[in-house]
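Read the structure below first, then the notes.
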Amino acid sequence: MNENTQSLSSVSSVSSLIYEFSRLDISGERLERYSTEANTLISSTKENELRTKAKFLRNEAISIILNDIKLSMKVDLCFVLDCTGSMWPHIAAARGCILQVANYIKNTNPSIEFRVGFCGYRDHNDGSNRLQIFDFNDQYDQFTKYMHNILPFSSPEDDDAPEDVLGGLNAAITQMDWKNSTRVLLHICDSPPHGRHFSNLKDKYPDGDPYGLTEKIVLEKMKSKNILYFFGKITRHTEKMLEAFRGIIGEFPVFDLASEDPIKLIEKFVKATSSSIAYAVSLTSVIGSNSKEIYSSRRRKLDMNPNEPDWNTLPIQKGVVLWYSTPKSLNELVDPTYFGKSNLFYESFLFKIAHEPFSAGAEKYAYFAREIKNEPTKEIVIKEYLNLGERNNPIEKYLEMVEVSTVTSFLSTEFNFYAEQKNISKISFLDVKLLRCNTIDVRARCFAIEPKLRIAEYKRFNTNTGVITEFRSTLEAFVHFTYNYTEGYLVVCDLQGIELNNEFLLTDPAIHCIDPLRFGKTNFGEKGIKQLFLENHRCNEICKKLNLSDIHMNYY
């Protein structure tokens, strides 16, 4: 603590911050918010009664969520491929990758089940060979057998570059039996659709599809069926097509599938296909397969400003940052009363913040910002919840985020103590604090602040719905460690951030805890621990190095 740092429990000066805290009932506000989030308003003023009702409602809501998550694990996967003469290596790769994909999914995400289908397209001059469809099937050997009959060719009359891309996509969307909750369309091609707005290549149909199909018609159908689009890029000729598609459906993953080496190409197909399934299941399980949010969340990214602002033009703002002192033991960590006013500290804060967010997730916007209290200034990220609702006190909800950060930092420190002895990579979480802007308004604007991550590829390794999106044995062992260390009280999940040489630097974790009244609505309680962790975890070499108990054997 420095001379400017003070405990809230010891401060008696009158200020808007202290006034607000004098009126804040963290426990009561949180219980009311949990009840509201479960779509029920509780008017009881007795905390014990409020706690009982809130716990019941949370468990009811968790049961519904877990059922939706279980449904989201059922996947329809459709390959849509250009089957003209240049595409032979990619047809072979699609055929050769499917069994590897099935084995990978089984080993990393055993709860996921998927059916696979295929829609091949050529061009308008190819008559009955223009489209070839294999409807969804969970017998992967039948898919492989069918793919042996897919031969790449082009009609002698096809002397232009564009192909019937829109016709192929439309057939996949409208003629195939989509029925599972999570729907994945992986489109692979090296040429754009017909139409001069897609390319400057030689084109027999420069005005577009001769039958009137447009990208808007096709993609709106895709959106209406909640089919998620993924693209395998081979050449630069599809750039304008992708730009047009993003204007309708928002951002989507694009995989590099250019390779002349057939072995490397199959490896790329396996990674692209597995990543598409994991990404889609993750998105569907969080948002819901029937929600309009499944595409609006993708469009939101288009409204972000990825560039840092001109800091000289932005005003200096004043505020106060708050944080919890770190627990000294497991007993303090599992005691929810530890995270009350008595263990909160604060200090003054000067900062600048960008006008527009550079990123957005399911719950929060993220802004570039700088702490300017001292020289040199520090690069930070400021995060703001998208929707809080009028009844909810911002401070209470942001304090919950700080609590999650404090708990995960404590557990990562304990993990690193053992990891260092075994030469295992460290795991660190960004330190999160609450920022309250100076204002006379007792419901002042609040944010969460954390250091800016280094420049490196940002990855989501696993989710709070149990999906492993990028398997890392150290991270899965850490999840296992948190369960063992807390004696089954909680598991830390939703691990995302950057991967360095000998360290994972992570942010925005979630916690499943047997107490459903802690850690927010991403906590799926004791049922979540069982369904999303115990039933799925497979101990790896890092678990064994750390002598962690075999969860799978103990659970069953």
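The structure presented is a predicted model; accordingly, all values stated were derived computationally and were not measured. For the single chain, residues carry numbers from 1 onward in sequence order.
- Listed for the Ser275 side chain is no donor-acceptor partner under 3.5 Å among the backbone atoms of Ala272.
- Judged purely by atom type and a 3.5 angstrom limit, Asp160 uses its side chain to pair as donor or acceptor with the backbone of Lys204.
- Side-chain atoms of Glu163 do not come within 3.5 Å of backbone N or O of Thr84 as any donor-acceptor pair.
- At least one side-chain heavy atom of Met176 sits less than 4.5 Å from a side-chain heavy atom of Cys119.
- Between the side chains of Asn502 and Lys426, no donor-acceptor pair is found at a separation under 3.5 Å.
- Taking the centre of each ring, Phe269 and Phe255 stay at or above the 6.0 Å mark.
- Open room surrounds NZ on Lys106; 12 or fewer heavy atoms of other groups in view lie less than 6.0 Å from it.
- Remark: the His194 side chain and the Asp207 side chain contain no N/O donor-acceptor pair separated by less than 3.5 Å.
- The ring pair (Phe, Tyr, Trp, His ring centres under 6.0 Å) test applied to Tyr458 returns no partner, not counting sequence neighbours.
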Problem set entry | Worked verdict on His537 versus Tyr483 for side chain to side chain contact (heavy atoms under 4.5 Å, CB included) | CA-CA 11 Å; His537 181 73; Tyr483 178 81; over 6 Å; no

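- Contact detail for Ala161 and Leu201: the closest heavy-atom pair is CB-CD1, 3.6 Å.
- The two residues Thr174 and Asn170 have their closest heavy-atom pair at OG1-O, 2.7 Å.
- Nearest heavy-atom pair, Thr238 versus Cys189, reported as atom, atom and distance to 0.1 Å: CG2-SG, 3.9 Å.
- With hydrogens and angles disregarded, no donor-acceptor distance shorter than 3.5 Å links the side chain of Thr273 to the backbone of Val270.
- Distance alone, capped at 3.5 Å, places no donor-acceptor pair between the Arg370 side chain and the Ile380 backbone.
- Asn423 CG: 12 or fewer foreign heavy atoms inside a 6.0 Å radius.
- Here Asp256 does not pair with Lys233 in a salt bridge; the nearest charged N to carboxylate O distance is not below 4.0 Å.
- For Phe114 and Tyr140, the distance between ring centers is under 6.0 angstrom.
- For Arg122 and Asp82, the salt-bridge test fails: no basic side-chain N is under 4.0 Å from an acidic carboxylate O.
- For the 3.5 Å distance criterion, the side chains of Glu476 and Asn462 qualify, holding a donor opposite an acceptor.
- No side-chain donor-acceptor contact under 3.5 Å links Ser259 and Asp261.
- Looking only at atom types and distance, the side chain of Ser86 has a donor-acceptor partner in the side chain of Asp190 under 3.5 Å away.
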For this session: Verify side chain to side chain contact (heavy atoms under 4.5 Å, CB included) between Val165 and His187, making sure each step is shown before the conclusion.
Result: CA-CA 10 Å; Val165 175; His187 178 202; 3.5 Å; yes

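- Remark: the backbone N or O of Phe533 is not paired with any side-chain donor or acceptor of His512 at under 3.5 angstrom.
- The closest donor-acceptor contact from the side chain of Asn540 to the backbone of Thr474 lies at 3.5 Å or more, if one exists at all.
- Taking 4.5 Å as the limit, every side-chain heavy atom of Tyr365 sits out of range of all side-chain heavy atoms of Lys383.
- Counting heavy atoms from C-beta outward, Val80 and Phe118 have side chains that stay 4.5 Å or more apart.
- Nearest approach of Leu131 to Gly168, heavy atoms of both residues: CD2-CA, 4.0 Å.
- Under the 4.0 Å criterion applied to side-chain N and carboxylate O atoms, Arg472 and Glu499 are assigned as salt-bridge partners.
- With hydrogens and angles ignored, the 3.5 Å screen pairs no side-chain donor or acceptor of Arg183 with any backbone N or O of Ser181.
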For this session: Under the side chain to side chain contact (heavy atoms under 4.5 Å, CB included) rule, what do Leu506 and Gln496 come out as? Steps first, then yes or no, please.
Result: CA-CA 5 Å; Leu506 307 175; Gln496 53 193 306; 5.8 Å; no

Exercise. Between Glu535 and Ser111, is a side-chain hydrogen bond (donor to acceptor under 3.5 Å, both in side chains) present by the stated rule, with each step listed?
Worked result: CA-CA 8 Å; Glu535 292 182 5; Ser111 294; 5.5 Å; no

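- Side chains of Ser63 and Lys527: a donor-acceptor N/O pair is present below 3.5 angstrom, by distance only.
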Exercise. Taking it one step at a time, do Cys78 and Phe136 satisfy side chain to side chain contact (heavy atoms under 4.5 Å, CB included)?
Worked result: CA-CA 8 Å; Cys78 178; Phe136 295 109; 3.8 Å; yes

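- Thr463 and Asp494 share no donor-acceptor pair across their side chains, judged by distance under 3.5 Å alone.
- For Ser412 (side chain) and Ser409 (main-chain N/O), a donor-acceptor pair under 3.5 Å exists by modelled atom type.
- When the ring pair (Phe, Tyr, Trp, His ring centres under 6.0 Å) test is applied to His90, no partner is found at least two apart in sequence or on another chain.
- Under the rule for a side-chain hydrogen bond (donor to acceptor under 3.5 Å, both in side chains), Asn109 has no partner lying at least two apart in sequence or in another chain.
- Residues Ile69 and Leu532 have side chains in contact (heavy-atom distance under 4.5 Å, counting atoms from C-beta outward).
- Within the 4.5 Å cutoff, the side chain of Glu541 has heavy atoms near those of the Ser473 side chain.
- Residues Leu81 and Leu186 fail the side-chain proximity criterion, which asks for heavy atoms closer than 4.5 Å.
- In terms of heavy-atom proximity, Met241 sits nearest to Pro193 at SD-CD, 3.6 Å.
- Around atom NZ of Lys459, more than 12 heavy atoms belonging to other residues, nucleotides or ligands sit under 6.0 Å away.
- Counting heavy atoms from C-beta outward, Asp209 and His124 have side chains that approach closer than 4.5 Å.
- Here Phe368 pairs with Phe358 under the ring pair (Phe, Tyr, Trp, His ring centres under 6.0 Å) rule; sequence neighbours left out.
- Each of Asn180, Val116, Thr182, Leu185 was checked for a side-chain contact (heavy atoms from CB on, under 4.5 Å) with Leu77, and the lone residue meeting it is Val116.
- Taking 4.0 Å as the cut-off between side-chain N and carboxylate O, Asp76 and Lys179 do not count as a salt-bridged pair.
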Side-chain donor/acceptor pairs under 3.5 Å, residues 95-105, sequence neighbours excluded:
unit_1, atom_1, unit_2, atom_2, d
Asn103, ND2, Leu99, O, 3.3

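- In this structure, the ring of Phe245 has its center less than 6.0 angstrom from the ring center of Tyr229.
- For the pair Trp88 (side chain) and Phe153 (backbone), a donor-acceptor distance under 3.5 Å is absent.
- For the pair Ile234 and Ile188, the minimum side-chain heavy-atom distance is below 4.5 Å.
- Taking the six-membered ring wherever Trp is involved, the centroid distance between the rings of Phe461 and Phe504 falls below 6.0 Å.
- Side-chain contact, Glu450 with Thr507: a donor N or O sits under 3.5 Å from an acceptor N or O.
- Between Lys364 and Glu384, no side-chain nitrogen of the basic residue sits less than 4.0 Å from a carboxylate oxygen of the acidic one, so the salt-bridge criterion is not met.
- The two atoms that bring Arg130 and Gly167 nearest to each other are NH1-CA, 4.2 Å, heavy atoms only.
- Between Lys452 and Glu308 there is a salt bridge, since at least one side-chain N of the basic residue sits less than 4.0 Å from a carboxylate O of the acidic one.
- With sequence neighbours excluded, the residues satisfying ring pair (Phe, Tyr, Trp, His ring centres under 6.0 Å) with Phe481 are Phe415, Tyr485.
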